[in-house]
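Worksheet: the structure to be examined is printed underneath.
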Amino acid sequence: MNRTDANIGENILERMRADLKRALDKPVEDRRWAMAIDLEKCVGCNACTVSCIAENALPPGVVYRPVTEEVVGEYPHARLRWLPRPCMQCEEPPCVNVCPVSATWRRPDGIVVIDYDACIGCRYCIVSCPYQARTFDFGEEHTDLSAHPGQPYEIHRPAFENGVERQRIPHSDKSPVGNARKCTYCVNRLEAGMLPSCTNTCIGGATYFGDLSDSHALIAELAGSPRVMHLKEELGTSPRTFYLS
Amino acid sequence: MKKPVLALAWLVLAAIGVVGVYQRLTTGHELAAYGSYIPWGLWVASYIYFIGLSAGAFLLSAVVYIGQVKLLKPLGPLALFTALCTLIMALVSIWFDLGHMFRAWEVMLRPNFRSMMAWMVWLYTAYFGLLTVETVLAMVEPTRPWVKLSGPRGAIARALTRIPVPTAQVWVRRLALIGVPLAIAFHGGVGALFGTVGAQPFWHSSLVPILFLTGALVSGAALLLAIYWLVWPKRDEQFKATTRLLSQILLGLLCFDIILEWAEFSIPLWNSNSQEVAVFAAITTGPYWWNFWIVHLLLGTLIPLGLLLTQRKRPAALALAGALIALTFLSVRLNIVIPPLTFPQIQGLQEAYVSPHLQFNYLPSSFEWMIVAFVVALGSAVFAIGTAVLPLLPSTDPGDGDVAKEARHV
Amino acid sequence: MSEQLPTTKKTDPDVASDKPQAGLNRRQFMAASAVTGGVAAVALHQATRSGNALAGTAGASAGTYPLAKPEHVIHSVCLQCHNSCPIKCKVYDGVLAKIDGNPYGPQTMLPHMPMETSPAEAALVDGKLCPKGQAGIQTLYDPYRIKTVLKRAGKRGENKWVSVPFDQAIAELVNGGKLFSSVPGEADRVVPGLKETWKARDASVMKAMSGDAKAVAKGSMSIADFKAAHAAHLDLLIDPDHPDLGTVNNQFCFLAGRIEHGRKEFAKRFVNGGFGSVNWFEHTTVCEQSHHIAYNQSTVPYKGQGKWGKGKHHLKPDSLNSEFIIYFGTSPFEANFGPTNMTERIVEGISNNRMRIVVVDPRAHHTASKAWKWLALRPGTDAAVALAMAKVMMDEGRFDKTFLENANRKAAKADGELCWSTAPWLVRLDDSGQPVAYLRATDVGMEAEDSFVVSRNTELSAFTPEGDSPAEGDLFVQGELNGIKYISALSLYRAEADKHSVSEWCDLAGVDEDDLIEVARELTRHGKAAAVEMYRGVVQHTSGFYNGLAVIMLNVLLGNADWQGGMMKGGGHWHEDGSKHGPFNIVKGMHPGKLAAFGLKVNREGVHFEDTTLFTGQYPAKRPFYPFTGSLYQEVLPSSAMGYPYALKALMLHKGTPVYSVPGGQAMMAYVSDPERLPLFFACDVTVGETSMYCDYIFPDTAIWERWGTPHQSPDVAVTGSKLRQPVVAPFADTCTVFGVEQPINMESIMLAIAEKLSLPGFGKGGFAEGGDFLHGEDWYLRLAANLAKGDKPGQELPQADAEEHRIFLAARGHLPTAVFDEKRWKAAVGEKWWLRVITLLNRGGRFQAADKGWKPPYIAHAYKGQFNCFSEPVAMARNSMSGKHFSGVAHYEPPLDCAGTPVEQGNHELALITNKDILGGHSRTIGNYWTQTYCRPQNHVIVAASDATALGLHDGQEVRVVSRSNPAGVWDLLNGQTKDMVGQVKVSQLIRPGTVGVSWHYGHWANGARDIVIDGTVVPGERRRGKGLCTNAALMLDPVLGDVCLTDPIGGSTSFYDTRVSLVPV
Ligand SMILES: Nc1nc2c(c(=O)[nH]1)N[C@H]1C(S)=C(S)[C@@H](COP(=O)(O)OP(=O)(O)OC[C@H]3O[C@@H](n4cnc5c(=O)[nH]c(N)nc54)[C@H](O)[C@@H]3O)O[C@H]1N2
Ligand SMILES: Nc1nc2c(c(=O)[nH]1)N[C@H]1C(S)=C(S)[C@@H](COP(=O)(O)OP(=O)(O)OC[C@H]3O[C@@H](n4cnc5c(=O)[nH]c(N)nc54)[C@H](O)[C@@H]3O)O[C@H]1N2
Ligand code: SF4
Ligand code: SF4
Ligand code: SF4
Ligand code: SF4
Ligand code: SF4
Ligand SMILES: [Mo]
């Protein structure tokens, strides 16, 4: 350690926000959004899981970024290992092909989105995703509605997912109730110049985001790491979300 | 069975069904036991079950109309109509399964033909149309003698007089001809809908569409056999012969199906693709082992096989075999849909985020059964009305005996 | 459905827009953003594929993301756990929509954004935040929150309530009477009102009595003389024969969980200076107090004349610059202070190969998963591990000799050190060889007043710590002069380390010797850039204080304090109390008529037994005295129950749940549920909690996001920072009118209302004397805010908000009702001069020093620059009040002891029970956070080592009951006819030391929405999911001598959490 200098930490969030700004200056089809998750830095805190729920006002059973936990080794050498799993935003997304009504598609910037107003809720995409990154909205709320009125954060506060302001009506079939749902890379935040919520909140600094097509972007730097790993590479889905193991 | 008993049973079934539908319309999918990890459950299984029955029944009717097998000929209209009823049941089942029931028409407006499901919907829409037209045409000739009758029969007959009998006969055959590939296509499509899912190794096999087809034929033939025995009014020699013939067809199909199933299970077992082996293990030793061993293998395969082989002279026993196969085929369909989904795609997902709709085990909820009850009640009602007002069966009513006799060329 | 529980009404947009709003209302805002949102909308329109425009799904408001706008942001401070992270609250249509980290805050962004950043820019950046902080939304909107004052309508604990108007409840509290005549058995019970307890009301009378009472206690005045001198006022005393117990006012007690700065001082003003009671408590002994006391005793400076001053309570590693850190008994990725800020610094270091970490803990927790080594010690053996490491270091000469030889500041300075230690100081031994006190120069005939002695090459010399001449001494010396035996302080420590061989220590602690030696060597390979951190696992033992000392000594051996990468005291805060020349000095001069509360605290903390009139020259005392600690939570209720030193008449519980959170807390239930013994018991709570359910009245409180506060930073942060909690959304609870001003019902308004009724000094019109009126809680906090806006020194004033910032400030508060926000009122509280600067502060949720100001390489910028004591003289000179024996002043290993110092017998229970905090839970009060508590972790488990599970025949998911000597039945008896089983599901694990059972904290509820309660005759149904899992505190050992309270560290005061043995009984 260089004692004439202090380490105050590198603000990767600000670096990535600058990357994001540059990307937004380009036409949408020139952006290649990608996310990297450094498994060495992930501490299994679930901050990302919860921030995603809060950001998108997700109901029970709908989860975009669960974090799996695994015990490796045996006492006294046992350790925990985690794997946060947002949508892989596959370049060859099996979920898109199967949709009978083209309610889900891959945007030119690579984000796979769902039009909740077109989705018929057949759940074919859900069974087709090899990462189980899609969940179905059963129309429930966190509050036990048989005993209490719905709370403001779940029925009054709209979500802004996909840039659409939408209020939830529990027990109804008003979208997004009755739809397949998935991580959008927080596209509404991106367009507003903000990083995805899970990236911002990651207390381990383990989540990276940016435009792969920009060689100056941090994400592009990471994509060249020998530690890069893709989930289920053999399926040919070409995930945009990758891991550093 | 006595009519009042049947009527009472139907009423109970219908009442249960109506409650289910009410719940479905007011609470959506909340009460269903499937979730996001096992997103397809009883209704999807019922759907492929009924649609298989329909395809099977239809293919048999096609044999009648194309092949002109004398013994089977009287069965033509019944088979066609059974196909129609079970198709309606299938469509209603899957319609309730949609997250947005009232957006079903979107598949027509914005189809994605890279999706097997879109193909399937378009194909069964075409099939539905074909089936309806063919059924109508198949009614032309037999209803002619009713033209003078009063009541619904007469009305139907009169409505059909515009179509010349020969034209109808020709077109019934033609439609049957067109229908065969269509039925194969759409039911193979249902199979392909599963078979193309790369994420599910258990489904992802080229054998799956074929299995779906043979399954359809087996279950369809079995159903027809049972229905034939159940509703056919005349218990004469010809009845016995027909039953026997039907049972032989069924036996052949069943054997073929067993071979295919063996292939489907045994090949992956040899080559140790872990997920497929695991799925097979889940089917045979998992919490619902009885569904495979008892329902499918014992009740749905071995007993019927035994009956079919040994009871050739007893139509009732043969019909029982048919009924057993037809009924238990739902368990085959469940075993296709559910077990592969009980394995997390990513290890640890089962504990990562917990919620009633994020489970890796599944037993249909009573609500789901209630919807199936509705579908069955609906299908049987349509069938009952059909048999009452359409010339599906030889009449035993002395009043119109001759007419009916004539009508059916008996 | 009860009236009590929230409806969505208050956030109904129509209701919200009823009143004229200062800022944009939602519709106006939408209109505005339709313009500004144009760019985004265009971008979205481009996002098309084969004719499917995403915009097609979007409708009119395509691309709107209002939460990116500063008008929707209010910065405040979290308190879901006690780490108090700065937060960024996003409000939409009056609803708290999202909680993120405040990008201005050093805990929530690494490095944080400069204060100069505009709110609009900051709005685009969300800081990091742990999951609990984010789930705060569900604490705020918990369906079980109470809205109005609840009054008991059944027996205590029966959970039958009626809602009563605030004014009625205050009047009843103050006046007393037959308040519960409708409750069976209490028809004629007369409740003494607070006005009876508020007996001494004259500041000067109290002052005079206070001085004389002290004299009596010290023995310099006789009781008779005292009685004569105060004959007219003896009725004010609890017991005229023991004037040092103080006045009757002391029979009113305020007991809080961890109440925070801002509120702390507020409540103290009310209890001490207003009500005149000494009994103001918070909860730190249930938390980690012995760690504070160990640090305090390790750092107390010598003040002269045998007196020692105040030390530091807390040091933390500079983890951003460390190369090696050992974590003893703590998981910074899950708990500690706290995951939000600590994690990234450590993880970044590990991932960049800057740093390696080691975890010493019976469990492999999340942090251990990133550790180079995990030493799975036997619970309670931290001192053994630390002493073994110290022994390796000392035997192999691996310590900073240069640093340690410095005996005072001057010597340290000469070596470029900012700190020094008492390692070379000589300590006097008694005839039996026991250390007595530091050797004074006069003891050995040197003519140096009030000086200490070091030995250099057998030559003794006198010095003072702050003296002009540098003093250095040899480290391992002992000798005798004129019959006085002495030894160096470090030798005392070494003697403790030498009591066993390294391998014996390792056997005792159950750790691998090679591992331990390797760790000790690695620790000493990084110079000053290595550190040893500890927390609860080390100190919540009866030996907590000594364990703490033993671990701190490892840092002393490294000489790492104030060095980059070593231990630091943190950047601290600007003084919101105005004591550093703030415009409003609340500590001094702003409390007219302030009462001089005096007397013994009910839990006998902070005083030596021998210095009281209760001491008759005989040991034991009836209950222990705790001269070295404060915030002694667990002793308050049992002491009062026993009436030693006296019984309380009225108890106000605030944000604490002692029966549930304290080890053996069930033993307090009999007392709190007996109105004869505790005549008046009221609480301020957000729900009906595990302890507040035993109250007579429960007043609602404002939740974290509805209230004010000025929490301080933990030393983990190297830069100076002052956080400001402020109302973010309209309060859920009803409002009340106090001193003529409408305000939310909360701790502040309850106190103000009582003050109004009783005319307590320092409240109401002119309550702040020259400083103005004290009518509303915000009158207090805004003044604190003004002090912060000014800073501690001239030139530190924050800039004034410009017009744009002012506009944003108002727009962001448009949804707040006037009971909470009224610009005129707020401005009036701080005055025109400070108002715009206060806005700058409020817009940022506090003020924070620039990120690079934490270091002056190679040092920490905010350095401690003080002394480390290797021998604690004050402790060594004191006696255990139960045994009469002297305490030891040196770090050492000891087994679990009862209050009289006898080893604790536990019967045939063999599994060591430990507990821990889960990253997803914040104490007992996050159970309503369904996001985390129901979906991520629906319950806790009984964690059993795989080898134990095999031996005991236990398997995953099996239900077992936890039983111990103190609780052989394995149940909580709630004394209301209900019980709560201590039964949980087994989880077989590789992550725990065999012989140990782990059960995490914050599940196993019976209140807080877990069970049905009745309000106004209507059942409010509880939820099963809120009662899942188990809390094992009722299994923890009660002190065998006292029988009514848990095992306790006699010095640090910490409750023992990890010294109990249990058995698991399958159910
Ligand atoms: N998630 C979360 N974070 C919090 C809080 C919260 O409620 N939830 N609360 C905050 C508060 S108030 C506090 S005090 C801090 C506490 O912060 P920590 O002290 O880090 O938290 P605990 O989980 O109580 O730590 C106890 C640890 O000691 C271990 N342990 C048990 N016995 C022994 C022993 O004998 N020796 C050693 N070496 N280890 C032992 C346990 O396994 C556990 O890992 O956390 C703060 N942060
Ligand atoms: N088994 C086990 N026990 C433990 C610990 C452990 O690790 N394991 N940790 C210990 C530690 S470190 C600590 S600090 C203590 C904490 O213990 P305490 O400070 O006693 O309790 P808390 O769990 O913080 O919650 C106290 C009560 O405050 C009420 N409350 C919640 N929010 C508010 C509010 O905003 N205002 C008001 N007025 N009331 C509110 C709720 O009713 C809640 O029950 O627990 C200790 N107990
Ligand atoms: S991860 Fe699943 S949902 Fe996401 S793009 Fe790939 S297939 Fe689709
Ligand atoms: S659930 Fe919706 S998005 Fe998924 S395939 Fe069906 S229609 Fe498409
Ligand atoms: S990118 Fe956004 S939507 Fe996707 S997991 Fe992260 S927070 Fe959730
Ligand atoms: S927030 Fe970051 S560290 Fe925490 S679980 Fe998610 S990815 Fe891992
Ligand atoms: S660590 Fe988490 S819960 Fe604790 S104060 Fe910070 S954000 Fe809140
Ligand atoms: Mo604590």
Side-chain angles (χ1 to χ4, degrees), chain A residues 1 3-9 11 17 28 40-41 43-47 49-51 53-55 60 71 74-76 78-80 102 105 107-108 113 115-117 142-144 147-153 155-157 160 162-165 188-189 191-194 200-205, chain C residues 5 7-8 11 40 43-44 46-47 49 52 54 57-59 61-65 68 92 95 97-98 110-111 124 126 128-131 134-135 137 141 143 320-321 323 333 339-340 343-344 347-348 351 364 366 369 376 529 564 851-852 855 857-858 919-920 930-932 936 990-991 1021 1023:
Chain A
M1 168 122 296
R3 300 254 149 261
T4 58
D5 229 1
N7 175 27
I8 64 165
N11 197 327
R17 193 163 67 102
V28 65
E40 199 187 328
K41 291 174 106 183
V43 297
C45 69
N46 282 105
T49 315
V50 176
S51 84
I53 296 167
E55 178 69 36
V71 180
E74 285 186 11
Y75 179 86
R79 295 290 194 275
L80 286 162
S102 305
W105 67 90
R107 290 166 36 113
V113 289
D115 179 347
Y116 291 149
D117 295 319
H142 303 285
T143 306
D144 176 359
H148 311 282
Q151 295 298 305
Y153 73 95
I155 61 169
H156 186 73
R157 171 248 207 265
F160 303 98
N162 279 329
V164 185
E165 182 178 334
N188 54 323
R189 288 171 59 101
E191 310 274 5
M194 298 178 75
N200 268 113
T201 207
C202 178
I203 69 168
Chain C
L5 299 166
T7 64
T8 55
T11 45
L44 280 160
Q46 292 169 340
R49 175 195 151 270
N52 283 321
L54 177 54
T57 77
S61 53
T64 44
Y65 188 53
Y92 191 75
V95 178
K98 179 102 193 286
L110 182 71
L124 293 176
D126 293 337
K128 61 193 167 178
L129 205 67
C130 98
Q134 304 188 52
I137 290 175
Y141 299 118
L320 264 178
N321 290 283
E323 293 174 14
F333 296 171
T340 301
T343 308
E344 191 175 356
V347 161
E348 179 264 340
S351 130
H366 288 207
S369 294
Q564 245 179 275
D852 58 355
W855 297 268
I919 175 75
L920 294 167
Y930 304 123
W931 293 337
T932 52
C936 292
Q990 299 290 342
L991 300 165
E1023 289 176 19

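In what follows, every chain begins at residue 1, and chains take the letters A, B, ... in the order their sequences are listed.
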Kindly give the heavy-atom pair with the smallest separation between C:P143 and A:T143, and that separation in Å. CG-CG2, 4.1 Å

For the interface with chain C, which of A:V50, A:T49, A:I8 has the highest count of heavy-atom pairs at distances below 4.5 Å? A:I8

Can you measure from OH (C:Y930) to CG (A:D144) and round to the nearest 0.5 angstrom? 7.5 Å

Closest heavy-atom pair, A:N46 versus C:P131, reported as atoms and distance to 0.1 Å, is O-CB, 3.8 Å

Do side-chain atoms of C:E344 reach the backbone of A:C202 as a donor and acceptor pair under 3.5 angstrom? no

When the ring planes of C:Y65 and A:F160 are compared, do they come out parallel, tilted or perpendicular, using 30° and 60° as the limits? perpendicular

Assess the residue pair A:R157 and C:I137 against the criterion (side chain to side chain contact (heavy atoms under 4.5 Å, CB included)); give the C-alpha distance rounded to whole Å, side-chain angles, the decisive distance to 0.1 Å, and a yes or no. CA-CA 12 Å; A:R157 171 248 207 265; C:I137 290 175; 6.0 Å; no

From A:N7 CG over to C:L110 CG, what is the distance, rounded to the nearest 0.5 angstrom? 8.0 Å

Quick one: closest heavy-atom pair of C:P857 and A:A6, and the distance? CG-N, 3.8 Å

Checking A:T201 side chain against C:L129 main chain: does a donor-acceptor pair fall under 3.5 Å? yes

Does any N or O in the side chain of A:E55 come within less than 3.5 Å of the main-chain N or O of C:K98, such that one atom is a donor and the other an acceptor? no

Does the side chain of C:Y92 come within less than 4.5 Å of A:E165's, by heavy atoms? yes

Considering non-hydrogen atoms only, spot the tightest contact between A:L80 and C:A364 and give its length. CD1-O, 4.4 Å

Working to the nearest 0.5 angstrom, can you tell me the gap between C:Q990 CD and A:R79 CZ? 12.5 Å

Should A:V71 and C:L991 count as side-chain neighbours, where that means a heavy-atom distance under 4.5 Å? yes

Is a side-chain N or O of C:D126 found less than 3.5 angstrom from the main chain of A:N200, in a donor-acceptor match? no

Taking all atoms of both residues into account, what is the closest heavy-atom pair of A:R17 and C:L124, and its distance? NH1-CB, 3.6 Å

